[in-house]
Amino acid sequence: MLTLQVNGAAHQVDVPDDMPLLWVLRDVLGLPGTKFGCGIGECGACTVHVDGRAVRACSLPVVLVGDRPVTTIEGLADDQVATEVSKAWLEIDVVQCGYCQPGQIMAAVALLKSNLHPSDDEVDQAMAGNICRCGTYRRIRAAIRNVAGAV
């Protein structure tokens, strides 16, 4: 039995130690916002925050989370930076199909919380692991830059 701190609440989970955090979040805790993409940590659809850092939940065994807080897209509802990112996403009309967007937003929020005024290179580096099959990369960068300029 493990205790996870997810979105500010403690959850007891009885799962194998090697179960990926993604499946604990989606299947055990019922938080479907974190998406399955590739299963090997390459596409970024499963990005969540662990102790404030953007990580790939599909390739992180739950036992390695320990007592560090986990935040999913559902846990960003009252977060000021996330609210600004969401507004910028809408203003720029970033979303096309939307599947990758929870991971994209999680990566963008982690970046802006660690660096409120990133350069274009820093944005590109932070977002490089998040694939958008619709190709909205320029709009994603523009939305992040708009938030950085407004905060």
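Side-chain N or O atoms of R139 include none that pairs as donor or acceptor with a backbone N or O of G135 at under 3.5 Å. Side-chain atoms of E122 come within 3.5 Å of backbone N or O of S119 as a donor-acceptor pair. In terms of modelled atom types and a separation under 3.5 Å, the side chain of R56 and the main chain of G129 share a donor-acceptor contact.
Side-chain contact between R145 and D120 is present, with at least one heavy-atom pair separated by less than 4.5 Å. Two residues are said to be in side-chain contact when any heavy atoms from C-beta on lie closer than 4.5 Å; D67 and T3 fail this criterion. In this structure, the side chains of V55 and H49 stay at 4.5 Å or more apart for every pair of heavy atoms. Between R133 and Y99 the shortest side-chain heavy-atom distance does not fall below 4.5 Å.
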Sequence neighbours excluded and cut-off under 3.5 Å, please list the side-chain donor-acceptor pairs for residues 16-43, or say none.
unit_1: R26; atom_1: NH1; unit_2: P32; atom_2: O; d: 2.6
unit_1: R26; atom_1: NH1; unit_2: T34; atom_2: O; d: 2.8
unit_1: K35; atom_1: NZ; unit_2: P32; atom_2: O; d: 3.1

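Put simply, CD on Q104 and CE on M127 are 4.5 Å apart, with the number rounded to the nearest 0.5 Å. The CZ atom of R138 lies 13.5 Å from the CD1 atom of I92; values are rounded to the nearest 0.5 Å.
In this structure, a donor-acceptor pair under 3.5 Å is absent between the side chains of N7 and T71.
As a member of the Ile/Leu/Val/Met/Phe/Trp/Tyr network built from side-chain separations under 4.5 Å, M1 groups with nothing else and remains a singleton.
Taking hydrophobic clusters as Ile, Leu, Val, Met, Phe, Trp and Tyr residues chained together by side-chain heavy-atom distances below 4.5 Å, I140 shares a cluster with V95.
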